[in-house]
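Residues: numbered from 1 along the sequence shown. What you are looking at is a predicted structure, and each value in this text was computed from that prediction instead of being measured.
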Amino acid sequence: MASEPEHDSYEWQELKRNIAEVLEGLPEQQKEVMIMRDLDGMEFIEIAELTKLRVDHIRVLLSRARQQVAKELQKTYSYGKGDI
């Protein structure tokens, strides 16, 4: 019997739920840009054409979105490690 694929594990499903939850809390443009770039794999120029934003602005939005997602995930997964 084949083992369960890693991406179907409980931990992976939980991580995906947590990321989706964090994404919902982002400002709309940050969320939109992050989804287009990181989930859909679009190039910056494609995102710029669709959103009518400049590439440098897209980079800033994406950076801020990634920072916020990382911060929130760190809070979620570092519970019990130090800060009490």
Side-chain angles (χ1 to χ4, degrees):
M1 182 173 185
S3 64
E4 181 177 313
E6 184 178 329
H7 65 274
D8 287 335
S9 70
Y10 174 78
E11 292 84 8
W12 181 249
Q13 295 299 322
E14 180 184 15
L15 177 60
K16 289 187 338 185
R17 277 191 304 274
N18 288 333
I19 290 171
E21 200 173 289
V22 173
L23 279 173
E24 286 304 313
L26 291 176
E28 192 60 35
Q29 282 187 328
Q30 288 181 17
K31 178 173 74 172
E32 183 179 61
V33 166
M34 188 169 190
I35 289 170
M36 286 183 195
R37 179 69 179 159
D38 291 344
L39 300 179
D40 296 339
M42 296 174 70
E43 297 295 327
F44 286 104
I45 193 71
E46 294 174 295
I47 297 169
E49 290 171 0
L50 289 172
T51 61
K52 307 296 185 219
L53 298 171
R54 296 185 330 264
V55 170
D56 59 332
H57 188 89
I58 292 167
R59 289 182 189 277
V60 169
L61 290 169
L62 183 58
S63 176
R64 289 179 181 165
R66 287 174 174 167
Q67 287 174 350
Q68 188 63 32
V69 169
K71 178 181 167 185
E72 293 301 320
L73 290 178
Q74 186 174 24
K75 278 194 240 178
T76 300
Y77 290 102
S78 69
Y79 61 89
K81 294 183 182 175
D83 296 333
I84 296 180

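Note: the hydrophobic cluster containing Ile47 also contains Val55 (ILVMFWY, side chain heavy atoms under 4.5 Å, direct or indirect links). In the hydrophobic clustering of ILVMFWY residues, with side-chain heavy atoms under 4.5 Å counting as a link, Val60 and Leu23 come out apart. Under the 4.5 Å side-chain heavy-atom criterion for ILVMFWY residues, a single connected hydrophobic cluster contains both Leu50 and Leu61.
Atom-to-atom distance recorded for Arg37:CZ and Met42:CE is 10.0 Å, nearest 0.5 angstrom. Taken from CD in Glu32 to CG in Leu26, the straight-line distance is 12.0 Å, to the nearest 0.5 Å. Within the model, atoms CD of Glu28 and NZ of Lys31 stand 4.0 Å from one another, a figure rounded to the nearest 0.5 Å. Between atom OG1 of residue Thr76 and atom CD of residue Glu21 there is a gap of 7.5 Å, rounded to the nearest 0.5 Å. The line from CG of Leu73 to NZ of Lys75 is 10.5 Å long, rounded to the nearest 0.5 Å.
Nearest approach of Leu15 to Tyr77, heavy atoms of both residues: CA-OH, 3.5 Å. Closest non-hydrogen pair, Leu53 versus Ala48, comes out as O-CB, 3.2 Å. Scanning both residues, Gln68 and Val22, for their nearest heavy atoms gives O-CG1, 4.3 Å.
Under a 3.5 Å cut-off, the side chain of Glu46 and the backbone N or O of Glu43 do form a donor-acceptor pair.
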**OP:** Could you check Arg66 against Asp38 for side chain to side chain contact (heavy atoms under 4.5 Å, CB included), going step by step and ending with a plain yes or no?
**Re:** CA-CA 10 Å; Arg66 287 174 174 167; Asp38 291 344; 2.6 Å; yes
Subject >> side chain to side chain contact (heavy atoms under 4.5 Å, CB included) evaluation trace for Arg17 with Glu14 >> reply: CA-CA 5 Å; Arg17 277 191 304 274; Glu14 180 184 15; 3.7 Å; yes
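Listed by first and then second residue, the side-chain hydrogen bond (donor to acceptor under 3.5 Å, both in side chains) pairs involving residues 53-63 are Arg54-Asp56 (not counting sequence neighbours).
Taking 4.5 Å as the limit, every side-chain heavy atom of Met34 sits out of range of all side-chain heavy atoms of Leu39. The shortest distance between side-chain heavy atoms of Thr51 and Met36 falls below 4.5 Å.
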